[in-house]
Each structure stands twice: as C-alpha cells, then as structure tokens.
Amino acid sequence: MELRKLGNSGVEVSAIGLGCMGMSEFYGATDDAASIEVIHRALDLGVTFFDTADMYGVGHNEIIVGQALRGRRDKVILATKFGNMRRIDGAHLGINGRPEYVKAACDMSLKRLGVDHIDLYYQHRVDKDTPIEETVGAMSELVKAGKVRFLGLSEAGPRTIRRAHAVHPIAALQTEYSLWTRDPEGDILATCRELDIAFVAYSPLGRGFLTGRITSSAQLSAGDFRAYSPRFQGDNLGQNLKLVKHIEAIAARKGCTPGQIALAWVLAQGRDIVPIPGTRRESYLRDNIAAVEIKLGGEELAELGKLVPPGAAHGTRYPAERMGSLGL
C-alpha cells in the first residue's frame with residue numbers, strides 16, 4: 001500500500017483510507033458482523049487510516065469500529081469527529097463547538113471506541129455561533145491531556161482554516177471531493193497546501209454514483225439518504241448519468257472499473273490528498289484499494305477534466321437546508 005503524509009502531523013497513512021459511516025446508517029440495512037469483517041480485511045490489505053464520527057448511528061459506528069480495531073489499535077491512525085448533535089432517536093439537534101461540549105464529546109468517543117487516545121479529532125461542522133478560536137482552543141487542551149494527537153476540521157472555509165491553524169496546528173481538512181464535487185479546488189486546497197494541511201477527501205466516489213452501479217432512484221431504499229439527495233433525483237439523475245458514461249468509457253480503455261478511475265483521479269490531484277471511500281462489501285473494498293495501481297497519464301487527466309469539468313454535476317450535494325453549514 002502506498003503511504004501519504006498526513007499534513008504537518010509527521011505521520012503517514014495509507015493512500016486510501018476507509019470511511020466507516022455507511023456501516024451504521026444512511027445507506028440502508030446494516031450488518032455489524034459483516035462490517036467488522038470488512039474492517040479486518042482492510043487492515044490485512046494495508047489500510048491504516050479509518051474514519052468515523054460520533055453522529056454516525058448516534059455513536060454506534062464508533063462502537064463497531066472500536067471493536068474491529070481491538071488488538072490492532074497500534075497499527076492504525078484512527079479519526080473521529082464531534083459537533084453534529086443528535087438525539088438518541090437520531091433527530092438532529094444542531095451544531096455545537098462550545099468548549100465544554102468539545103471535551104465532553106471527546107470523552108464519550110474515547111469510551112465508545114474503547115481507546116485511550118484519538119489520533120485525529122475533527123470538528124465535524126463549523127459552529128457559526130462559537131468563535132473557531134474557542135473551539136480549537138478546547139481541542140488543543142485535549143492534545144495537552146494526551147486524549148488526542150492531531151486536530152482536524154471538516155467542511156471549513158479558508159478563513160476559518162487560517163484562524164483555527166493560528167490557535168493550534170491543523171493536520172487535516174476533511175471535505176467532499178470527487179470528479180463531480182470540485183468545490184475545494186481553488187482557495188480551499190491552496191490554503192491547505194500553504195499551511196501543510198492534508199486534504200482528506202470524503203465521498204470520492206460520489207456516494208457510489210461514480211461507480212456506475214446506480215442508474216435509477218428506484219434502486220435506493222427508503223432508508224438510503226441518497227433517495228432524498230438532489231443529485232439522485234429526477235432530471236438531475238439523468239444528466240449526471242451522462243457524466244458517468246464518460247468515466248465508464250475511459251475505464252473500459254484502461255481495463256478497470258469506473259470507480260477505480262474516479263479514485264485514481266482523486267489520487268492524482270496531489271500526494272497531500274487522501275481519499276476515504278466507504279463500503280460494507282469486501283469486493284468493493286478490494287476494488288477501491290486496487291485503484292492505487294491505476295495511473296492516469298496527463299492526456300487522460302485532461303480528458304477527464306474536460307468531460308467532467310467543475311460544476312458539471314446537476315443538483316446540490318445536500319438538500320438545501322443542509323447546504324448552509326458548509327464552507328463556513
């Protein structure tokens with residue numbers, strides 16, 4: 001497995017990590033035993049970077065990730081997040097970056113994960129009602145206490161990144177990035193590179209859409225949040241399928257899968273970028289990991305950039321009511 005530096009942290013992680021969110025909810029029915037087996041297989045295949053959050057499954061995801069990593073904790077870089085508050089029934093309660101909440105949330109995550117420290121602790125979304133300096137100040141106290149090694153932000157804008165980094169080094173920014181979500185290109189990536197902050201790309205497969213496996217909204221169950229995502233609905237879906245056809249054509253020429261092309265494209269955007277595709281199936285895990293072997297030449301990258309340019313995707317990446325918390 002190729003390794004990549006995690007920003008200014010000084011540690012290296014596998015070039016492709018594993019996003020574990022879907023093992024608990026958002027993508028339909030789940031199976032804890034199967035998910036734990038996928039995490040074990042990822043470890044065997046050289047994955048060292050695992051991503052979860054306290055909101056995934058209202059804590060359930062951290063529990064199963066912790067169980068899966070038991071006995072192999074020292075082999076991985078474990079990342080989790082705080083800030084998105086939910087009730088036990090799953091209802092969203094808002095975003096919280098207040099210092100007292102930061103510390104309480106960390107203690108709960110440590111307990112659920114069954115570990116004595118978190119390697120990379122992210123603020124999941126920026127709390128517009130709490131100065132970022134206060135939030136990161138509390139996060140830095142967790143580092144001093146030995147509960148956290150490195151700090152991260154998720155879906156933060158350039159100004160927030162700079163203000164946070166001035167309080168304590170930010171090792172990684174996690175934001176959605178893929179062939180159909182090019183939003184970070186420009187100021188966000190430039191800011192990360194200036195400050196030696198790794199860019200962790202979540203949903204690098206466009207929530208599975210860029211694999212070519214989803215061709216109709218009828219494939220999505222009521223428990224799959226993509227059924228309510230603008231990009232997977234109505235005319236947007238039809239227009240976005242045209243983008244996938246371009247990726248499929250290039251994959252056919254390369255003798256690989258469309259998903260591998262999509263991941264290879266993200267990997268080719270810079271060695272400071274680490275995609276974390278999620279999956280609950282071993283076969284998809286193997287496909288994703290094999291993408292590190294797919295090398296796209298300059299002409300192929302230019303072709304992809306022309307066929308799937310920035311802004312080509314139809315529909316926003318989240319429903320309108322959730323878009324306001326991004327890029328603050």
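Start at 1 with the first residue, then count along the sequence.
Within the model, atoms CD1 of Ile64 and CG of Leu69 stand 10.5 Å from one another, a figure rounded to the nearest 0.5 Å. In this structure, OG1 on Thr215 lies 6.5 Å from CG on Leu241, to the nearest 0.5 angstrom. For the atom pair Thr279 OG1 and Asp287 CG, the distance stands at 9.0 Å (nearest 0.5 Å). Interatomic distance, OG1 of Thr48 versus CD1 of Ile16, reported as 11.5 Å (0.5 Å rounding). Note: Phe150 CZ to His117 NE2 = 8.5 Å, rounded to the nearest 0.5 Å.
In terms of heavy-atom proximity, Leu267 sits nearest to Arg4 at O-NH2, 3.0 Å. In terms of heavy atoms, Gly152 sits closest to Leu120 at N-CD1, 3.9 Å. Residues Ala53 and Thr80 share a closest heavy-atom pair of CA-OG1, 3.3 Å. Between Ser14 and Gly46 the shortest heavy-atom distance is CB-O, 3.6 Å. Between Arg98 and Thr130, the shortest heavy-atom distance links the atoms CG-OG1, 3.6 Å. Between Leu307 and His246 the shortest heavy-atom distance is O-CD2, 3.7 Å.
Residue Ile88 places its CD1 atom among 12 or fewer non-hydrogen atoms of other residues, nucleotides or ligands, all under 6.0 Å distant. Heavy atoms of other residues, nucleotides or ligands lying less than 6.0 angstrom from CG of Asp31 number more than 12. More than 12 heavy-atom neighbours from other residues, nucleotides or ligands sit within 6.0 angstrom of CD on Glu100. Open room surrounds NZ on Lys75; 12 or fewer heavy atoms of other groups in view lie less than 6.0 Å from it.
For the salt bridge (Lys or Arg N to Asp or Glu O under 4.0 Å) condition, the pairs that include at least one residue of residues 160-169, sequence neighbours left out, are Glu133-Arg163, Arg162-Glu194.
Within the 6.0 Å centre-distance limit, the rings of Tyr27 and Phe225 are counted as a close aromatic pair.
Under the 30°/60° scheme for interplanar angles, the aromatic rings of Phe82 and Tyr101 are found to be tilted.
A donor-acceptor contact shorter than 3.5 Å is absent between the side chain of Asn61 and the backbone of Met55. Using a distance-only test at 3.5 Å, with no hydrogens or angles considered, no donor-acceptor pair links the side chain of Gln269 to the main chain of Val266. Using modelled atom types, one side-chain atom of Ser154 and one backbone atom of Gln174 make a donor-acceptor pair closer than 3.5 Å.
Leu18 and Phe26 fall into different hydrophobic clusters, defined by Ile, Leu, Val, Met, Phe, Trp and Tyr side-chain heavy atoms under 4.5 Å apart, directly or through other members.
Ser109 and Glu62 form a side-chain donor-acceptor contact under 3.5 Å, judged by distance and modelled atom types alone. For the residue pair Gln67/Asp32, the side-chain donor-acceptor check at 3.5 Å is not satisfied. A side-chain donor from one of Arg231 and Thr181 sits under 3.5 Å from a side-chain acceptor of the other.
Figure legend: Arg207 and Tyr318 shown as a cation-pi pair, the cationic atom lying under 6.0 angstrom from the six-membered ring centre and within 45 degrees of its axis. Both cation-pi conditions hold for Arg213 and Tyr284: the charged atom is under 6.0 angstrom from the six-membered ring centre and inside a 45 degree cone around its axis.
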